[in-house]
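These notes concern the structure reproduced below.
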Amino acid sequence: MTKPRAIYWFRTDLRLHDSPALKAALDLKPECLYPIWTWDPHYVYRAKVGVNRWQFLLDCQTDLSSSITKINPKSKLHVIREAPQTLFPKLFKAWRISHLIFEKDTDAYARDRDESVVELARNAGVQVIIKTGRTLYDPDELVEHTGRKPTMSISQVQAAGKKIGEIPRPIPAPKSLPDPGDMSIDFEQEHPPTDPDLNAHDRTESDKSYKSLAGPNSDFAPPTLEELGFPPATSPHRGGETVALEMLSSITSDKTYTATFEKPKTAPTAFEPAATTVLSPHLHFGSLSVREFFWRVQDVVDKYKGKASEPPTSLTGQLLFRDMYFGAQAHLGHAFAQTIGNSHCRFIPWHLPSVVSPTSMRAGHDYQIDDPQAEEWFQRWKFGRTGFPWIDALMRQLRQEGWIHHLGRHAVACFLTRGGCYIDWERGAEVFEEWLVDHETACNVGNWQWLSCTAFYSQFYRCYSPIAFPKKTDKEGQFVKRYCPELENFPDKYIYEPWRAPIADQKAWGCLIKGDTCGEDGEYKVYPKPMFDFPTRREVCKQAMKKAYSVGLHGNDQQVLDGTWRKLFDDDAEGPTDGKDGPVGAMIDDVAEEDYDDHGEMVDTSHGEESEGKQAGQGGNRASPKKAAHKRKAQGTLDGVVKRTKKN
DNA sequence: GTTTACGTTGCCAGT
DNA sequence: TACTGGCAACGTAAA
């Protein structure tokens, strides 16, 4: 019998330690093992991946590749620039592959992708081995133990986890790896459509990542940011298994910190160093195993003499929340990441709702500008010029560094949604998707639902103040001064509400508080006035939330899907409620069916930046003169493209 | 069926 | 500094 020839397909498991899937590959004792990473047009063009997250990914790939080479000088991580759905059949043949091994990924997109890859492998007679390793528990197994309900609370996770049994101890990194076989790739490279490119705005040069299968030097090396057309990263947070394990060791060497960690007591205003571990991006890319993290912490806790903290506030508790969100996502699938069609997400008539395809009922990155005021607030929030220093400092830190403290995320998310702007949480989630180095859909979407009180959490009357909240941990506003340096001379009294400072003082401190943007005026710097009166907006939002809660709709309710939810809200309520008829939130019913591909994703047919929507209020007394669907470049999925190619 | 306690991380005034 | 109760009041799970 011939020995197995195996491909190990790395994805969000960029590590050698504690990889159940890699162990399964090695247990085959294959004649050759090809460690590969497949480039994915979905990741390159259709997902919002900012430069800093790209850098983190490339760090992880580079480190993993050199770690592989240290174990076997003949091997490394082979990065191949083609979509897995078209590449694998060619690779199976060229390398005479018998086995394909990878770690399970329950993200909605990943499930679709992996399903088609498994099908391709079956057609090629290739055996597929899939092992769970991304979370503490297999999300599907977790859901099996909740009576097939999505995990919506930590107690459900703990109860289900108990039934599953003890979390497995980590598996050591392998000491040897088989050689890869012949690396010939004498087949044509399939080029994906590069339009639309959701990351085009970040590129300063043209994208060259699909010039050749094995890269510009034909050596299968990870690309550089230059190759992708991106400018250098601005984040100080760097990836790689080596860095991740060093960080973990440094954290667990402080026994008291590790054993007594309580998340709510950590300071969101702390920087250099941050008050929390900043290991989240490593968990996302798999450069750190979550079970390695769990057991290294648990072992410290078990030996700790004093009173250790416990879930959910403890360090291990944080990992349980991650599993909770993965469990919810595993059960709800694509619907998890949006309101429409989501049985567990409360329907709130937010401003700037997502455009939903009437065929697939999927929400994409397009959204409806139901209210120009809300759009202006959204842009000011996104780019850190709301006039509230705490909010602006956080948003600037996020954009520059790709990471902010968990409670900082709470502050900006509450502010954008139920505690200020009354803007759809999906808008905020998209910004986080683009800028966070630790972005993973399950946690990001779950936390946005939490903070917007649409799922997981419902105490909407508990609202973060952009003035009072940061004062608790940073009376002097050191954090604000770090990210909003124009306010560096403002005293404690005015640092969180600089608009209250007398003009003479503003001049003395070198910064005028006026207008709606940042900049300079003669010898003075300029920081904007607050974009609204916070106490007033907090009250407006609270009343609107109260109303939406009493209406009590969820994303999959018929009134939500057919647009008759409008009849249940007053025209002068917050949100796009005017008029009694019309489709769901931002579903634009004047888009022809042929504008959507066979997956229901919207295909770009726009002829300009904005187009007139059809839902302009008739007789609505709220100030919303123009309804325009904000159409970005569309988002066909790779799946659609690939399947169509196959059909032809 | 009803009541009660609780829920990772609010704010404010008062002790 | 660290705690308390009032604020207005949500959903869920246990009792």
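Below, all heavy atoms of this structure are taken into account, side chains as well, without hydrogens, waters or symmetry copies. Lettering follows sequence order; numbering is per chain, from 1.
Within residues 289-312 of chain A, no residue has a heavy atom under 4.0 Å from DNA chain C.
Between the side chain of A:S249 and the main chain of A:E246, no donor-acceptor pair closer than 3.5 Å is present. In terms of modelled atom types and a separation under 3.5 Å, the side chain of A:D474 and the main chain of A:F479 share a donor-acceptor contact.
In this structure, the NE2 atom of A:H344 is 12 Å from the C1' atom of C:dT12, given to the nearest Å.
Between A:R399 and A:E434, none of the side-chain N atoms (NZ, or NE/NH1/NH2) sits under 4.0 Å from a carboxylate O, so this pair counts as no salt bridge. Under the 4.0 Å criterion applied to side-chain N and carboxylate O atoms, A:R537 and A:E574 are assigned as salt-bridge partners.
For the side chain to side chain donor-acceptor pair (under 3.5 Å) condition, the pairs that include at least one residue of residues 403-415 of chain A, sequence neighbours left out, are A:T266-A:H405, A:H406-A:H410, A:R409-A:D438, A:H410-A:Y464.
Nucleotide C:dG6: paired with B:dC11 (Watson-Crick or G-U wobble, both distances less than 3.5 Å).
Among the heavy atoms of the strands, none lies under 4.0 Å from A:R418. A:F321 comes within contact range of at least one nucleobase, with a heavy-atom separation under 4.0 Å. Here A:Q318 lies in heavy-atom contact (under 4.0 Å) with a base. Looking at heavy-atom distances under 4.0 Å, A:K471 makes no contact with the nucleic acid at all.
For the residue pair A:Y325 / A:N444, no side-chain donor-acceptor distance below 3.5 Å is found, with atom types taken as modelled.
Ring pair A:W350/A:Y422 is tilted by interplanar angle, where 30° to 60° counts as tilted. A:Y367 and A:F378 have perpendicular rings, their planes meeting at more than 60° on a 0 to 90° scale where under 30° would count as parallel.
The C1' atoms of B:dC6 and C:dA9 are separated by 14 Å, rounded to the nearest whole Å. Comparing the C1' positions of C:dA8 and B:dT2 gives a spacing of 22 Å, expressed to the nearest Å. Spacing between C:dA14 and B:dT8 at atom P, rounded to whole Å, works out to 13 Å.
Summarising the geometry of A:K471 relative to A:E497, their closest heavy-atom pair is NZ-OE2, 4.0 Å, with the distance given to 0.1 Å. Nearest heavy atom pair, residue A:P139 against residue A:T106, reads CG-OG1, 3.6 Å. Between A:T339 and A:E426, the shortest heavy-atom distance links the atoms N-OE2, 2.9 Å.
The SG atom of A:C443 lies 15.0 Å from the CH2 atom of A:W448; values are rounded to the nearest 0.5 Å. One finds the CZ atom of A:F490 at 5.0 Å from the SG atom of A:C511 (value rounded to the nearest 0.5 Å).
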Under 3.5 Å, which N/O atoms of the protein pair with N/O atoms of nucleotides 13-15 of chain C?
none

Detail all sub-3.5 Å separations between protein N/O atoms and N/O atoms belonging to nucleotides 5-9 of chain C.
residue : atom : partner : partner atom : Å
C:dA9   : OP1  : A:K546  : NZ           : 2.3
C:dA9   : N3   : A:Y461  : OH           : 3.3

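Scanning for side-chain contact (heavy atoms from CB on, under 4.5 Å) contacts around A:P168 gives A:R291, with sequence neighbours left out.
Contact footprint of chain A on DNA chain B: nucleotides with an atom under 4.0 Å from a non-hydrogen protein atom, first to last in 5' to 3' order, B:dG7 to B:dC12.
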